[in-house]
Q: 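First the structure, which I've put down as structure tokens, then a few questions once you've had a look.
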Amino acid sequence: MTAELVRGQNHPLPDTRLEIRVSAGHPVLAGATLGDEQGRVPGVEWIAHPGAPSLPGIDVPGQAAADHRLSVDLEAVPGAVHRVSVLLALPGPRAGGAARFGTVAAPFVAVAGPDGAEIATFTITGLDSESAVVALELYRRQGAWKVRAMGQGYEGGLAALLGDQGLERPADLAATILETVAPGPAPVAAPARHVPESEHVRRAAPVADPAPTGQTAPPPTSPAGTGTDQPTPVPGGGPVNYSHPRRQAAPAPGPAPVPESAPRQGPPVPVAGDAAGWSMDERLYNQVWGMFEDLARTAAAYRSACEFAENRLDRELDQTLSDYRARADGANDAARAAARARHDELVARAQEVLDRDLAQLVAESGVVEPALPVAFARWDNPVWQAYRVPAEEPMAVRLGDLHLPERTDLRIPMLVRLPLERGLWVDSGRGHSEAAGLLDEVELRRLALDCAVAHAARLLAAHPAGAFTVHVVDPAGAGAAALAPLVDSGVLAAPPARGAAGVSATLEQLTERVDLLQMAVRAGASDALPPGLDASRQLLLVHDFPHGFDDRAVTRLRYLADEGPSVGVHLLMVADREDASAYGPLLDPLWRSLLRLTPVPDDHLADPWVGHAWSYEPPMLPPGSAVLLQVLGQVAAARHGRRP
């Protein structure tokens, strides 16, 4: 199964012969540097670039292009090499390229094995003024190779990147490398046209990681937009195509002209499950993430059009003010009025397109939401009243909703693929949210633990009986009230661990499990595992961190966050990062390795295509609802072999 990485996350490499695929949607230079144990590159002879495309074990392309294939044989690299950094750089305007990554589509990188199957993917989001980036890092650890998603950008370009890796005279070296890239023809923007929704083929799309925040994460392709699928002018740069590099729309001929007398055809009537897929659940999943991409891109087109109108208005007003000869006869006033009229017309047209697309998405949401299966449904969906423990694991679970300020009542389900690729972190701090600012610290922490309990219940409900085990660490017992549904229903593997001794014992048990499973996987000896070892996936819910955690416990927690997901052991942290500030940067990798969620709506999740700050809304239970206890009762009965 393909691992959808986010910045800072790593993944083991099952093969040493690899192909690294780059899709940037714009010409980029691709290369690689070979580093020692400290990550330093000793000299120019350790760099593969278009002017010197081959090194032992490494072959890179000889020109700048929008798509690249890099060949890697890790067994053939010199023994002194411990890190292989894959770098991307924009050739620059003089070579017919862009000046910064913020004006082009987010680069997408995939690592594939010798059979062509993808091992890990990474969409490099969050870039702005950078013109060079370390995309991936392949590194040795305990005799095995892993890949880490880096996404480290450099505003100083290739020279700054090479200097950061310890090379001498990096500016001269960068200039030499960039000179090897032959200038290409300037891109020509195709004329914009509206593409009706009925012409598009929706396919699977990733969870937004949402990265930094999202997950969003992803299957290969996804839908085109809802009528905004054209390059949008951006002041100071060329046209930006907001389609993801791996998105593919079905080719369709241009619409025939419609006579003025003919009645206009209305928008297509939305149907639940009209996306591609082998099952209804898969079709609904693909349709939900098609809606996510449609909303992302239509909002991006609207914002870009408004920004373009504002910049053009400013430029035209500056020109009128600089023409002193027209001040006497009132021509300046007329020019300013005309400029504002043009601005208002552009904004009005953009608003009209936005309203049309949003109305279509609202209509689609109205038919999709009631049709969602249990794992994808909100807690208030009547489908939960008929819940039964599933016989098979679903492809995803819903961990909340996402929305944009252009239409706050249009909620897109946040679906996260199973099995989880990384742990979860319910942030009990104040974050960026106004809602959090209205709550006192005690109430915010209570809401955070309530959300964590709801997430744990969802994960339990999504798995077959006995396939998912939950442990709880509550050192001071401060979360007893919120944890009562899990404790009283009997779904936990053991009572919540209390005190430093309980924390240490639980972490030691799970750490040993990860070590055993990793050794068995590497040795291909799964049948040699100790008898009676619980084969289910494990979730550790950690409350009140870092209270009750000594240095050894913190080290084990970091180990579980880093190594646990690969063998089915996950964290669900409930913590405020400020509480652990005494550890300094030591815990930064821990926070980065977890998907941050919040107990109140907060705009902290970014999509991997246009970088919107999506507002995340937690999956709250209806007031007074007994659905959580009902579901947990079903799970507990199935776990213990009882009839519900």
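If you read the sequence from its start, that first residue is 1, and numbering goes on from there. What's counted below: heavy atoms across the whole structure, side chains too, no hydrogens, waters or symmetry copies.
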Q: Within a strict 4.5 Å, meaning less than it, do heavy atoms of the Arg592 and Trp425 side chains meet?
A: no
Q: Going by atom types alone, do Ser23 and Asp67 pair a side-chain donor with an acceptor below 3.5 Å?
A: yes
Q: Any chance CD of Glu352 has more than 12 other-residue heavy atoms, nucleotides or ligands included, within less than 6.0 Å?
A: no
Q: Identify the heavy atoms of Gly151 and Leu127 that sit nearest to each other, and give their distance.
A: O-CD2, 4.2 Å
Q: Begin from the C-alpha positions of Asp274 and Arg283 and carry the test salt bridge (Lys or Arg N to Asp or Glu O under 4.0 Å) through to its verdict.
A: CA-CA 7 Å; Asp274 69 348; Arg283 294 199 296 271; over 6 Å; no
Q: Can you tell me how far CG of Leu295 sits from OG of Ser365, rounded to the nearest 0.5 angstrom?
A: 10.5 Å
Q: Could you give the distance from SG (Cys451) to CG (Leu572), rounded to the nearest 0.5 Å?
A: 10.5 Å
Q: In Å, rounded to the nearest 0.5 Å, how long is the span from OG of Ser304 to CZ of Arg297?
A: 13.0 Å
Q: If we only count heavy atoms from C-beta on, is the Met414 to Asp401 side-chain gap below 4.5 Å?
A: no
Q: To the nearest 0.5 Å, what is the distance between CD on Glu316 and NE2 on His343?
A: 10.5 Å
Q: Can you find a heavy atom in the side chain of Ile20 that is under 4.5 Å from one in the side chain of Arg69?
A: no
Q: For Phe468, enumerate each residue passing the ring-ring contact (aromatic ring centres under 6.0 Å, His included) test, keeping only those at least two apart in sequence or located in another chain.
A: His463
Q: For residues 400-422, which residue pairs qualify under ring-ring contact (aromatic ring centres under 6.0 Å, His included), counting only residues two or more places apart or in two chains?
A: none
Q: Kindly indicate whether a cation-pi arrangement holds for Arg417 with Tyr285, taking the cut-offs as under 6.0 Å to the six-membered ring centre and within 45° of the axis.
A: yes
Q: Taking all non-hydrogen atoms of both residues into account, name the closest pair between Asp128 and Arg100 and its distance.
A: OD1-NH1, 2.7 Å
Q: Hey, mind stepping through Tyr302 and Gln351 against side-chain hydrogen bond (donor to acceptor under 3.5 Å, both in side chains) and telling me if it holds?
A: CA-CA 7 Å; Tyr302 170 74; Gln351 185 68 51; 2.9 Å; yes
Q: When you check the gap from the basic side-chain N to the acidic O, do Arg340 and Asp344 get nearer than 4.0 Å?
A: no
Q: Quick one: do Asp409 and Arg407 make a salt bridge, cutoff under 4.0 Å?
A: yes
Q: Any donor and acceptor pair, going by atom type alone, linking the side chain of Asn381 with main-chain N or O of Ala377 inside 3.5 Å?
A: no
Q: Could you tell me whether the side chain of Leu594 reaches within less than 4.5 Å of the side chain of Leu424, counting heavy atoms only?
A: no
Q: Keeping His68 on the side-chain end and Leu88 on the backbone end, is there a donor-acceptor pair under 3.5 Å?
A: no
Q: With the threshold set at 4.0 Å, does a side-chain nitrogen-carboxylate oxygen contact exist between Arg312 and Glu310?
A: no
Q: Would you mind reporting whether His612 and Leu404 have side-chain heavy atoms less than 4.5 Å apart?
A: yes
Q: Is the shortest side-chain heavy-atom distance between Thr121 and Thr123 below 4.5 Å?
A: no
Q: Compare all side-chain heavy atoms of Leu372 with those of Val288 and state whether any distance is below 4.5 angstrom.
A: yes
Q: Indicate yes or no for a side-chain donor-acceptor contact from Glu19 to the backbone of Val111 under 3.5 Å, with no hydrogens or angles considered.
A: no
Q: I'd like to know if the side chain of Asp357 pairs up with that of Thr298 as donor and acceptor (distance under 3.5 Å, no hydrogens or angles considered).
A: yes
Q: Can you find a pair of side-chain heavy atoms, one from Leu459 and one from Leu418, that are under 4.5 Å apart?
A: yes
Q: Atom CE in Met573, atom CG in Leu595: separation rounded to 0.5 Å?
A: 13.5 Å
Q: Can you sort out the partners of Trp379 under ring-ring contact (aromatic ring centres under 6.0 Å, His included), two or more places apart, ordered by chain and number?
A: Trp384
Q: State the CZ-OG1 distance between Arg537 and Thr469, to the nearest 0.5 angstrom.
A: 11.0 Å
Q: Taking Arg342 first and then Glu345, would you say they form a salt bridge - that is, a charged N and a carboxylate O separated by under 4.0 Å?
A: no
